[in-house]
Amino acid sequence: MTGVIILHKGFLTVKDMLYKDLLPVTPDTTIGEVREKGIPNRPVVLVVEEDKLVGVLLWKDAINRRLESDVKVRQVMKRDFSSLDEEDLEREILAFLPELRYHALVCRNRQGEVLGVLSYDQVFHDLALRVCETEARINAVVETVEEAVCIVDNFDRVVIWNSRAEELYGIKAQDIVGKPINQFFSNLVVTRVNKEWEEIRALHHQPVEGTHVLINATPVRLGPKVIGGVTAERDITEIVQLNQKLTQASTQVKRLENEIHKISAGRNPFAAIKGHHKRLIELINIARKAASTNAVILLRGESGTGKELFAKAIHEASPRSDKKFSVINCAAIPPSLFESEMFGYESGAFTGADKKGKPGVFELADGGTLFMDEIGELPPDMQVKLLRVLQDGVFYRVGGATPVKVDVRIIAATNRSLEEMMANGQFREDLYYRLNVVALEIPPLRERREDIPELVYLFLQEFSQLYQKQINKLEPGVMATFLAYAWPGNIRQLKNVIERMVILTEGDTIPESAIPETLKTGSRQDQSTATVGLASVTEQTERELIIRTLKQVNGNRSEAARMLGIPRSTLYYKMHQLGIM
């Protein structure tokens with residue numbers, strides 16, 4: 001980088017001011033010859049005779065117009081000069097100013113060679129030039145920085161006040177420069193550093209009401225004395241105000257979080273399980289009691305009955321609700337990878353293993369709940385290791401020798417008969433009893449048909465919003481078909497069917513023509529043992545279903561008939577028959 005400025009921490013030295021542009025001549029050299037040789041460098045003329053310095057001629061004297069060109073140098077040179085040693089180079093120039101008033105000073109090294117010359121006029125000229133240059137540079141600096149800059153002298157009078165300071169405080173430089181700063185401000189940092197000689201960095205300061213600055217302040221030193229102070233103040237008023245608003249907003253958010261926490265604390269995690277069947281209500285009550293413990297829970301039931309939904313509700317109702325809920329499907333993992341997926345592995349445990357090793361699902365679920373779906377598909381060798389984890393909470397990574405201890409709550413699920421698997425030697429008896437602490441048998445959808453209308457309209461609303469449609473009605477035959485169908489795929493199958501029908505429906509009502517052919521065929525086959533629609537459930541169930549539906553629609557019988565998927569006349573007949581009128 002060119003133009004590097006070296007700032008002095010003290011006074012200028014002889015070395016700084018030494019004039020080194022020298023022109024050696026003899027005493028007989030004429031003034032004309034000196035002028036010709038010296039232009040344009042304006043050197044100091046050294047008069048040498050027989051290798052001895054006999055005089056000094058300053059350039060201002062050499063160009064004196066009153067001197068004729070043929071005048072000899074010996075006639076005008078100054079024989080009165082003093083010598084400085086090389087050691088004097090580091091001394092302060094101000095120490096030599098009195099002597100320079102009378103004669104020049106010549107600085108020599110130890111070998112007697114002239115290093116340079118000092119003259120009063122030259123030093124005065126250079127000092128004045130340096131003062132002007134320094135002032136120009138300071139002004140450029142203070143107008144370049146983003147901070148408001150103020151410099152005061154040792155009497156706390158303002159000597160510099162940049163444009164940023166004008167903008168920040170609304171005071172023009174012409175109104176404040178030369179005046180004591182305490183006439184304009186109180187609680188001043190710049191006067192403190194002036195008096196206490198301390199530096200300040202990144203201090204939050206409020207010089208006037210409504211203005212916040214981040215201030216750096218430094219005393220101005222000249223040798224051992226402090227002759228003033230300088231401050232650079234960055235306006236952070238907007239940041240402080242934004243921070244105050246952010247603090248207020250954070251307080252409000254915290255208050256809302258507390259309210260939400262209170263609401264969440266009182267919410268019902270089992271509300272996501274829809275239906276009012278007696279067996280379903282009993283299961284929810286048992287699950288709610290078991291959720292508050294660390295007991296292992298075994299969820300049994302056909303595929304699609306909502307076992308994972310139960311598992312999530314149990315986790316959210318447990319003391320572990322703020323921890324992780326992990327899911328692993330035992331039927332989806334190849335036997336060769338099962339152990340590494342469950343318990344993780346150490347670095348280099350097998351070919352292709354990650355060099356850093358990898359934690360398994362048990363480690364990742366530590367402190368939370370692990371839902372093991374399709375537990376009946378667990379390989380025999382893994383059944384032994386799972387039993388150990390359930391008993392001791394300890395396992396080993398693949399390829400590892402250090403036991404890993406975890407605290408994991410297990411919820412298992414299966415759609416198979418574990419009793420038959422035990423009889424056939426496919427499932428360990430000890431593991432069965434470990435898992436079967438709290439067993440919940442979730443009924444299939446065909447055994448709680450009265451929940452079908454509620455589920456149908458729940459899914460209808462969900463998929464209508466998803467696909468941005470306004471579907472809110474079914475043709476009567478649609479609900480009748482749903483009630484007659486056996487639903488081997490249970491709730492999952494019902495949900496998929498509703499999604500398909502919503503996609504295919506153009507208007508606001510799902511027509512009978514949208515019913516998949518498999519449902520129609522299955523419904524006709526089921527009619528040999530059950531009557532279509534409400535007749536497929538018991539008389540007591542019919543009565544409960546009709547009463548609950550009427551409550552949901554605030555007694556609107558037309559809407560109730562629509563939800564039940566039967567004509568209004570049939571609803572009136574059923575209400576009369578069941579004593580609901």
If we count only N and O atoms by modelled type, under 3.5 Å, do the side chains of Q470 and S464 hold a donor and an acceptor together?
no
Regarding Y467 and E462, do their side chains bring together a donor and an acceptor under 3.5 Å, going by distance alone?
no
Salt bridge (charged side-chain N to carboxylate O under 4.0 Å, His left out) partners of residues 100-122, not counting sequence neighbours, each pair once:
K60-D121, E86-R110, E87-R110
By salt bridge (Lys or Arg N to Asp or Glu O under 4.0 Å), which residues pair with D407, not counting sequence neighbours?
R320
Does the side chain of S82 pick up a donor-acceptor pair with the side chain of E99 at under 3.5 Å?
yes
What about the rings of F343 and F362, do their centers lie closer together than 6.0 Å?
yes
Do K72 and I31 have side chains that approach each other closer than 4.5 Å (heavy atoms only, starting at C-beta)?
no
Applying salt bridge (Lys or Arg N to Asp or Glu O under 4.0 Å), name anything that partners E199, two or more places apart in sequence or on another chain.
R201
With sequence neighbours left out, what residues match E133 under side chain to side chain contact (heavy atoms under 4.5 Å, CB included)?
L129, R137
Listed by chain and number, what are the salt bridge (Lys or Arg N to Asp or Glu O under 4.0 Å) partners of E146, not counting sequence neighbours?
R164
The salt bridge (Lys or Arg N to Asp or Glu O under 4.0 Å) partners of E147 (sequence neighbours excluded) come to R234
Assess whether atom NZ of K323 is packed by more than 12 heavy atoms of other residues, nucleotides or ligands within 6.0 Å.
no
Ignoring hydrogens, what is the shortest heavy-atom contact between C330 and F338? Give both atom names and the distance.
O-CE1, 3.3 Å
How about CD on Q111, more than 12 heavy atoms from neighbouring residues, nucleotides or ligands closer than 6.0 Å, or not?
yes
